Amino acid sequence: MIDYEKELNAEQCRVVLEKDGPLLVIAGAGSGKTRTLTYRVARLIEAGSPPERILLATFTNKASRSMMSRVAALMETDVSRLWGGTFHHLGLRVLRVHAKRLGYENNFVILDADDTKQLVNRCISETVKNDGPKFPRGDVLRDVISFSRNTDETLTDIIEGRYPYLAPHLEAITNIAQLYGQEKKRLNVMDFDDLLINWRRLLVEHPELRSSYAERFLHVLVDEYQDTNVLQSDITDLLASHHRNIMVVGDDAQSIYAFRGANYANIMGFPEKYQECKIYRLEVNYRSTPEILNMANLSILNNERQFKKSLRAIRPKGALPALVPLRNLQMQANFVVLRIIELIREGYPIQEIAILYRAHFHSMDLQMEMTRRGIPFTIRSGIRFFEQAHIKDVTAYMRIIVNPSDEMAWKRVLGLCHRVGRQTAERLWHWLAAQKEPLSAATGDDFLCKASPSARPGLAKCQEVIKELASIENMDIGMIIETILTKGYDNYLQATYTDATQRGDDLYQLAVFAAKFASLEDFLQEMALLTNIGEEEEGDVKENEGRVIMSTIHQAKGLEWSVVFIPWCAEGMIPLGRALADPEGEEEERRLFYVAITRAKDQLYLCYPTVDYRRGVGYVPVKPSRFIRELTPTFSYSSRERPYENWQIDEE
């Protein structure tokens, strides 16, 4: 017998020992959510529930393996019969037995991401006969169709609300989605989304099957419930419909994945759906100091839609969180990097230091400064800023203006043209390389004749861009980037990426960043130098030596570090300006801010520049984020580092 009162704190113990019925557990950050779920499963088995009659749904394989192994260790018995795993894993398990009811064979094949893209591309080629350069690629359509299916919304609503620039192609996209569904059934294949959609279909369309599974599962437990989409919520409701022993665990204050289809209404509406449910809160935090938790509690108060809670620390007092206003972006980068150097000297392991930001371009100056000073870092939110495809595309145009003999830059630019493939780009480059003045030759009629008729319209547009770039006075980098975007690259982004807006933001911020360089040559030289230095360091640093972590806040959820820096805590950056267009955007942005704060264990630094350079405007004053101004009624900021208790509002 497990001594639950000894193993758990009072809050956790109440949840674990609760009797049957619907339970909503609001688990604050660092409150031992996984431990509570694990002991709850152990308690159910100990009380007589057979493992095969318990279902535990998680969001990652890692979480599932961790919980299953912990339960096995606690019970000292075989728990392999327990239905534990991700929603998709559990859906696959059911569909392997009952797929024939939906017109599939039980030996259906699961498509991976690349297979899905290829099938979507084939559906495009069979549906759209005149696919101009602006028609979205298979990657984009795959993501748009997937989002529509996971949110249970029509393609019309999704495109009008999230991708308005795809509206001219709505009819074609709808036809492609329909053909894609037909082809999957014909080929006896399912994609990742089908594992949820078809699982729900089985339960809805076959009442006897629903009754069988609902009677089988005495208990249904769901981890990270705030991240569930409408499909996952419906499935768990259907499975728990007989016994109504459903326990969902999550934190509404950490619901930050609406862009992936997560439905905030699931956790907020749970008490209405299960009116007899009992609500428990896990508020004892094992991660952070009291000072950091005090700030976290204050940071989320202004959200109207939430389950109120107050995190309490068991750790002793520590350092106050610091607000650090800096003169400009370069000073912000300098402060963060120099403080990291000091922390390492003080004995903090380098991998226990993290820089968390709202958007990838917020890390641009920081990545450069870290590279210059030789501090190894890892980008958790993707690749290094200057190594992203859209950044390299735009700088490739710049490179051929500065050096018309740059083979790699020419091939990259030519490859962006509609219907110009690798072989055509290679052939065009060889012709250009033989010319005395490649840049001039590239804008002539002879150059067009070297390509096939179908490639010439795309190549002609490229010529227009090159001509205009070559005529820009003083090689103004901002004007170069703006010209590339407005002359067709923005259309390319929209047709190629579902995050085209974010990539456009990156490029406009690159234009601002580039303004500090005296010439285009200096800018490109610095880019090349820093990229090469970064690559050398990647090879020099051994895995066990560790690196500073750089990550978006979204990617940091569920993780923790001793010291956290949050740069760009300024209005328009967090909250991000474009996110506020959504009626629920401000509250989700505030939850992001809360998640960032609660990643810190010992020290927390909120930084922002007091002045920023805006293209076409010049230097403008920057306000601290509204989330900072909400923290206390008294708050002041200056060029010096201040603990938040001493801040005073300065509306000027």
Side-chain angles (χ1 to χ4, degrees), residues 24-31 59 147 150-151 153 157-158 161-162 224-230 232-233 248-273 279 281-283 292-311 356-359 362 501-502 505 552-558 566 568-599 606 608 623-633 635 644 649:
L24 170 60
V25 182
I26 304 300
S31 62
F59 270 81
F147 191 83
N150 277 286
T151 56
E153 296 183 53
D157 290 341
I158 292 299
R162 296 177 64 88
E224 301 287 8
Y225 192 67
Q226 79 281 347
D227 294 334
T228 54
N229 60 29
V230 64
Q232 292 157 334
S233 175
V248 299
V249 182
D251 184 3
D252 58 295
Q254 297 187 70
S255 179
I256 59 173
Y257 293 130
F259 72 99
R260 293 182 186 170
N263 190 347
Y264 184 64
N266 289 346
I267 192 166
M268 297 307 299
F270 190 86
E272 296 176 18
K273 191 161 45 177
I279 302 176
R281 289 169 173 79
L282 303 182
E283 297 174 308
I292 291 172
L293 293 185
N294 185 25
M295 175 179 280
N297 290 330
L298 291 170
S299 73
I300 201 68
L301 284 179
N302 279 38
N303 269 12
E304 293 182 6
R305 296 181 64 210
Q306 63 168 304
F307 292 103
K308 297 285 186 181
K309 63 179 177 300
S310 181
L311 297 178
L356 307 182
Y357 37 85
R358 173 62 182 88
H362 291 173
T501 303
Q502 294 93 305
D505 288 347
T552 61
I553 301 169
H554 283 105
Q555 293 290 332
K557 183 176 171 291
I566 309 175
W568 264 122
C569 290
E571 193 65 16
M573 297 300 179
I574 182 166
L576 206 58
R578 57 180 156 79
L580 298 179
D582 187 314
E584 297 185 2
E586 180 175 325
E587 293 217 343
E588 177 143 337
E589 292 289 299
R590 192 176 283 108
R591 294 195 293 269
L592 268 169
F593 187 58
Y594 173 87
V595 167
I597 290 171
T598 54
R599 300 310 95 198
L606 309 183
Y608 70 95
K623 275 189 174 183
S625 166
R626 67 186 68 183
F627 301 151
I628 288 177
R629 286 179 281 149
E630 290 170 355
L631 285 170
T632 69
F635 142 102
Y644 74 93
I649 292 179

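Small disclaimer: the values here were computed from a predicted structure and weren't measured.
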Review point. Under a 4.5 Å cut-off applied to non-hydrogen side-chain atoms, are Ser625 and Met573 in contact?
Key: no
Exercise for review: Could you list the residues that satisfy ring-ring contact (aromatic ring centres under 6.0 Å, His included) with Phe307, not counting sequence neighbours?
Suggested key: none
Study note, to complete from the structure: Distance col, row His362:NE2 vs Leu356:CG, nearest 0.5 angstrom, shows 13.0 Å
Practice item. Supply the atom-to-atom distance Met295 CE to Ile597 CD1, rounded to the nearest 0.5 angstrom. Key: 5.5 Å
Check your understanding: Is the backbone of Ile300 close enough, under 3.5 Å, to the side chain of Gln306 for a donor and an acceptor to pair up by distance?
Key -> yes
Check your understanding: Rounded to the nearest 0.5 Å, how far apart are CD of Glu630 and CG of Leu301?
Key -> 9.0 Å
Practice item. Could you tell me the separation between the OG1 atom of Thr598 and the NZ atom of Lys557, rounded to the nearest 0.5 Å? Key: 9.5 Å
Practice item. Spell out, as yes or no, whether a donor-acceptor pair under 3.5 Å connects the side chain of His554 to the backbone of Tyr257. Key: no
Study note, to complete from the structure: For Ala579 and Glu589, the nearest pair of non-hydrogen atoms, with its separation, is CB-OE2, 3.4 Å
Review point. Considering residues at least two apart in sequence or located in another chain, which fulfil the salt bridge (Lys or Arg N to Asp or Glu O under 4.0 Å) criterion with Lys273?
Key: Asp237
Study note, to complete from the structure: Across all chains, not counting sequence neighbours, the side-chain hydrogen bond (donor to acceptor under 3.5 Å, both in side chains) partners of Gln232 are none
Point to revise | Donor-acceptor contact present, side-chain Glu283 to main-chain Gly28, <3.5 Å | key: no
Using distance only, find each side-chain donor-acceptor pair of residues 262-270 under 3.5 Å and give its atom names and separation, not counting sequence neighbours.
{"residue": "Asn263", "atom": "OD1", "partner": "Ala265", "partner atom": "N", "Å": "3.0"}
{"residue": "Tyr264", "atom": "OH", "partner": "Arg305", "partner atom": "O", "Å": "2.4"}
{"residue": "Asn266", "atom": "ND2", "partner": "Thr228", "partner atom": "O", "Å": "3.0"}
{"residue": "Asn266", "atom": "ND2", "partner": "Thr228", "partner atom": "OG1", "Å": "3.0"}
{"residue": "Asn266", "atom": "ND2", "partner": "Asn229", "partner atom": "O", "Å": "3.2"}

Review point. Is Tyr608 reaching over with its side chain to a backbone N or O of Glu571, donor-acceptor style, under 3.5 angstrom?
Key: no
Side chains of residues 581-588: which donor-acceptor partners sit under 3.5 Å, not counting sequence neighbours?
{"residue": "Asp582", "atom": "OD1", "partner": "Glu584", "partner atom": "N", "Å": "2.8"}
{"residue": "Glu586", "atom": "OE1", "partner": "Arg626", "partner atom": "NH1", "Å": "3.0"}
{"residue": "Glu586", "atom": "OE2", "partner": "Arg590", "partner atom": "NH2", "Å": "2.7"}
{"residue": "Glu587", "atom": "OE2", "partner": "Glu304", "partner atom": "N", "Å": "2.7"}
{"residue": "Glu588", "atom": "OE1", "partner": "Arg591", "partner atom": "NH2", "Å": "3.4"}
{"residue": "Glu588", "atom": "OE2", "partner": "Ala258", "partner atom": "N", "Å": "3.4"}

Point to revise | Residues forming a salt bridge (Lys or Arg N to Asp or Glu O under 4.0 Å) with Arg578, sequence neighbours excluded | key: Asp505
Exercise for review: Mind listing the closest non-hydrogen atom pair of Thr151 and Gly261 along with its distance?
Suggested key: CG2-CA, 3.7 Å
Check your understanding: Got a sec, which residues hit side-chain hydrogen bond (donor to acceptor under 3.5 Å, both in side chains) with Thr501, two or more places apart in sequence or on another chain?
Key -> none
Point to revise | Contacts of Phe593 that satisfy ring-ring contact (aromatic ring centres under 6.0 Å, His included) - sequence neighbours left out | key: Phe627
Check your understanding: Of all residues at least two apart in sequence or in a different chain, which pass the side-chain hydrogen bond (donor to acceptor under 3.5 Å, both in side chains) check with Lys309?
Key -> Asp251
Exercise for review: Mind running side-chain contact (heavy atoms from CB on, under 4.5 Å) on Asp252 and Asn303 for me, showing each step along the way?
Suggested key: CA-CA 11 Å; Asp252 58 295; Asn303 269 12; over 6 Å; no
